[in-house]
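Order of the sequence lines fixes the chain letters, A, B, ..., with proteins taken first and strands second; residue numbering starts at 1 for each chain. Atoms considered below: every heavy atom in the structure, side chains included; atoms not considered: hydrogens, waters and symmetry mates.
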Amino acid sequence: MGKDEAFPEKDLSFTKAERLLRPAEFAEARKLGKRLSARSFNIYLLENKLGRIRLGLAISSRAGGAVKRNRIKRLLREFFRLNKELFPASTDILITAKSVESIKGLKDVEEDIKAALSKARKNL
RNA sequence: GGAGGACGCCGGGCGGCCGCUGCCUAAAGGCAGAGGAAAGUCCGGACACCAAAGGGCAGGGAGGUCGCUAACGGCGACCGGGGGCGACCCCAGGGAAAGGGCCACAGAAAAGAUACCGCCCUGAAGUAAAAUUCAGGGUAAGGGUGAAAAGGCGGGGUAAUAGCCCACCAGCCUGCCGGGCGACCGGCAGGGCUUGGUAACCCCCUCCCGGUGCAAGGCCGAAUAGGUUCCGCUUGAAGGACUGCCCGUCCUUUUUCCUUACGGAAAGGCGGAACGGGUUGGCUGCUCGAGCGCGCCGGCAACGGCGCGCCAAGACGAAUGGCCGCCAUCCCUUUUAAAAGGGAGACAGGAUCCGGCUUACGGCGCCCUCCGGCA
RNA sequence: UGGGGCGUCGCCAAGCGGUAAGGCACGGGGUUUUGAUCCCCGCACCCGGAGGUUCGAAUCCUCCCGCCCCAG
């Protein structure tokens with residue numbers, strides 16, 4: 001955790017205000033959001049007027065049993081919590097599972113999503 | 001040592017930092033936070049609403065006996081049948097002389113034996129006599145088919161046969177005796193001689209079952225169009241003032257038709273039902289319960305009773321995760337050893353709650369059986 | 001949470017107690033100068049899996065596995 005000490009005031013929390021909570025919000029993000037493609041996930045980004053980023057996860061039963069799906073969601077949440085500054089501000093983010101077989105630990109998630117985000121930033 | 005069969009237990013432990021959900025608190029902070037299967041959703045309940053309130057039909061389910069249980073298709077003990085050398089295991093295990101259906105192929109015939117090849121008798125033709133052929137009759141011993149062929153074997157008997165008769169055996173039925181709550185078991189006597197299989201085909205018998213499911217249901221908010229129809233009440237109705245409320249009084253606003261009047265009808269008002277339309281937001285249900293642990297008692301057991309102690313997730317786009325240290329288990333390498341280094345750890349996660357069943361899976365313990373070796 | 005359906009050759013499928021049709025594809029042969037068309041032959045022994053009932057099971061029953069769909 002040594003690298004976190006460089007940002008002593010960094011916000012590591014993850015409360016309900018930072019999540020998508022209603023079906024309508026999910027549907028909107030999926031329909032109107034800009035889609036990024038990572039190797040294992042699809043990421044939808046949609047600007048909101050709240051002044052904060054919000055995360056929604058949709059892992060379908062195709063990804064596996066309950067244990068496997070929970071594991072993927074927990075890893076994604078953990079990555080989001082530790083790397084909020086990588087995402088554009090005031091945006092709804094929806095992450096969907098594509099093919100999740102290769103995800104074993106937090107490092108796999110980190111590499112995959114970081115690559116997708118930096119690629120998108122270059123294109124802008 | 002190998003192969004196998006029962007039964008039971010465990011499902012890593014301690015700690016730090018950063019997070020998540022709930023509860024407590026003024027706050028700081030503290031406490032709690034997935035399983036033996038939480039799973040599959042195969043049964044049974046609790047609970048809630050709707051319908052009915054009696055009886056029957058249809059439909060579905062259960063099926064040895066006795067118990068346990070809130071209930072069960074579950075569990076326990078026992079009985080019967082089957083499998084295994086054995087420890088042990090398996091069984092939808094009522095009825096086939098209530099009825100219907102089916103039993104391919106083969107075979108004469110697959111169930112009221114209309115008997116194919118045969119066997120036997122009689123008559124006719126034929127012949128020296130036979131053989132042989134035809135017609136009528138009596139038979140079911142022998143043959144082959146099949147999963148299955150109308151009790152088995154021996155003797156008597158007959159023209160040839162046949163439970164036609166007899167002995168023994170097997171099976172069935174009836175009666176009696178003994179044991180058991182019972183399923184059933186054991187024994188004796190008699191009878192008729194014999195009755196195929198299939199009910200996880202229809203069916204019959206006995207017993208059980210109303211439907212829908214916590215997205216049930218309740219409250220609030222928002223929104224749409226206080227829309228349409230029907231029923232009941234009301235001739236006056238609505239609003240305001242006095243008042244805590246009712247009655248009562250006063251004031252204001254607002255109708256039409258028929259009838260002398262009582263009254264009736266319509267509009268209006270109030271209440272209810274149905275249809276139609278809108279909303280998918282919050283709270284509740286929501287976790288203390290056929291509850292868990294320990295001890296004693298009753299019972300072969302399933303289980304029950306009593307006493308003491310305990311409170312152990314309650315989320316709702318849905319929480320139990322990430323990183324790290326130490327210990328324990330197992331594996332590999334180095335090493336005489338101690339020890340060091342590296343690695344591994346299954347099946348799988350609540351969604352109203354319980355009781356089972358089934359399936360998935362990593363280990364451990366104890367007992368038993370068979371086989372082999374050594375002493 | 002509850003309900004329904006499907007699984008048969010590489011693909012599409014019929015059969016629903018008596019030993020598995022058909023089409024496409026594939027392989028071989030024939031016809032043709034060659035190719036296409038056409039004709040003939042071949043191609044399922046584990047009917048998703050495991051038990052059970054039956055003389056006999058793709059078919060009936062039970063339990064699993066996989067896939068698809070529906071309701072609020």
**Request:** For A:Asp112 and A:Asp108, indicate whether the former's side chain and the latter's backbone hold a donor-acceptor pair under 3.5 Å.
**Result:** no
**Prompt:** What integer distance in Å separates A:Asn70:CG from B:C316:P?
**Reply:** 15 Å
**Request:** Identify the nucleotide, in any strand shown, that forms a Watson-Crick or G-U wobble pair with B:U212, with both distances under 3.5 Å; if there is none, say none.
**Result:** B:A48
**Request:** Would you kindly give the NZ-to-P distance between A:Lys68 and B:A360, to the nearest whole Å?
**Result:** 20 Å
**Message:** Please name the nucleotide paired to B:G239 by Watson-Crick or G-U wobble geometry with both distances under 3.5 Å, or report none.
**Reply:** B:C251
**Message:** Name the residue from A:Arg81, A:Lys84, A:Arg54 that meets the side-chain hydrogen bond (donor to acceptor under 3.5 Å, both in side chains) definition with A:Glu18.
**Reply:** A:Lys84
**Base partner of B:G86, which must satisfy Watson-Crick or wobble distances under 3.5 Å** = none
**Prompt:** So, is A:Arg54 near the phosphate of B:G317, with a side-chain N or O under 4.0 Å from OP1 or OP2?
**Reply:** no
For nucleotides 64-68 of chain C, list the nitrogen or oxygen atoms of the protein found under 3.5 Å from its nitrogen or oxygen atoms, one pair per line.
residue: C:C68; atom: OP1; partner: A:Arg62; partner atom: NH2; Å: 3.3

**Request:** Searching all strands shown, indicate the nucleotide that pairs with C:G2 (Watson-Crick or G-U wobble; both distances under 3.5 Å).
**Result:** C:C70
**Request:** Write down the distance between CG (A:Leu76) and C1' (B:G322), rounded to a whole number of angstrom.
**Result:** 13 Å
**Asked** Any donor and acceptor pair, going by atom type alone, linking the side chain of A:Asp92 with main-chain N or O of A:Ala29 inside 3.5 Å?
**Response** no
**Message:** Please classify the glycosidic conformation of B:U280 as syn (within 90° of 0) or anti (everything else).
**Reply:** anti
**Item:** Closest nucleotide among B:G322, B:U21, B:U320 to the A:Leu75 side chain
**Value:** B:G322
**Request:** Measure across A:Leu46 and A:Glu28 and return the closest heavy-atom pair with its distance rounded to 0.1 Å.
**Result:** CD2-O, 3.9 Å
**Message:** Using a 4.0 Å heavy-atom cut-off, does A:Phe14 contact any base of the nucleic acid, only the sugar-phosphate backbone, or nothing at all?
**Reply:** sugar-phosphate
**Request:** Can you tell me the pairing partner of B:U369 across any strand shown, Watson-Crick or G-U wobble, with both distances under 3.5 angstrom?
**Result:** B:A3
**Prompt:** Could you state the interatomic distance from CG (A:Leu106) to CZ (A:Phe79), rounded to the nearest 0.5 Å?
**Reply:** 8.0 Å
**Message:** Checking understanding here: a glycosidic angle within 90° of 0 is syn, the rest anti, so what is B:A312?
**Reply:** syn
**Item:** P-based separation of B:A87 from B:A189 [nearest Å]
**Value:** 37 Å
**Item:** Chi class for B:G36: syn within 90° of 0, otherwise anti
**Value:** syn
**Item:** Spacing of A:Lys73 atom NZ relative to B:G317 atom P, expressed in whole Å
**Value:** 11 Å
**Message:** With the 90 degree cut-off around zero defining syn, does B:G44 come out syn or anti?
**Reply:** anti
**Base-pairing mate for B:U69 - Watson-Crick or G-U, with both contacts under 3.5 Å** = none
Filtered N/O pairs between nucleotides 278-280 of chain B and protein, under 3.5 Å:
none

**Message:** Over all strands shown, is A:Lys16 touching base, sugar-phosphate only, or nothing at heavy-atom distances under 4.0 angstrom?
**Reply:** sugar-phosphate
**Request:** Could you check how far CZ of A:Phe80 sits from P of B:A319, rounded to whole Å?
**Result:** 16 Å
**Asked** In whole angstrom, what separates A:Leu106's CG from B:G19's P?
**Response** 16 Å
**Asked** If only side-chain N and O atoms of A:Arg74 are considered, is one of them under 4.0 Å from the OP1 or OP2 phosphate oxygen of B:G19?
**Response** no
**Request:** Output the distance between atom OG (A:Ser40) and atom CD1 (A:Ile72), rounded to the nearest 0.5 Å.
**Result:** 8.0 Å
**Request:** Quick one: closest heavy-atom pair of A:Ile93 and A:Leu20, and the distance?
**Result:** O-CD1, 4.1 Å
**Asked** Where does B:G143 land, syn or anti, once you apply the within-90°-of-0 test for syn?
**Response** anti
**Request:** Flag the pair A:Leu76 / A:Ile113 as yes when at least one side-chain heavy-atom distance between them is below 4.5 Å, and no otherwise.
**Result:** yes
**Request:** Please determine, for B:A149, whether a Watson-Crick or G-U wobble partner exists with both distances under 3.5 Å, and give it or none.
**Result:** none
**Asked** Is it true that A:Lys107 and A:Glu110 make a salt bridge, defined as a side-chain N closer than 4.0 Å to a carboxylate O?
**Response** no
**Item:** Distance, rounded to the nearest Å, where A:Glu110 contributes CD and B:C323 contributes P
**Value:** 11 Å
**Asked** Does B:A124 have a Watson-Crick or wobble partner in any strand here, with both distances under 3.5 angstrom, and which is it?
**Response** B:U133
**Spacing between A:Arg19 atom CZ and B:A319 atom P, to the nearest angstrom** = 8 Å
**Of A:Glu78 and A:Leu21, the one whose closest RNA chain B nucleotide lies more 5'** = A:Leu21
**Prompt:** Do any side-chain nitrogens or oxygens of A:Arg81 fall under 4.0 Å of OP1 or OP2 in B:C323?
**Reply:** no
**Asked** Which residue, A:Ala66 or A:Arg71, contacts RNA chain B at a nucleotide closer to its 5' end, judged by nearest heavy atom?
**Response** A:Arg71
**Prompt:** Would a distance-only check, ignoring hydrogens and angles, find a side-chain to backbone donor-acceptor pair under 3.5 Å from A:Arg39 to A:Ala116?
**Reply:** no
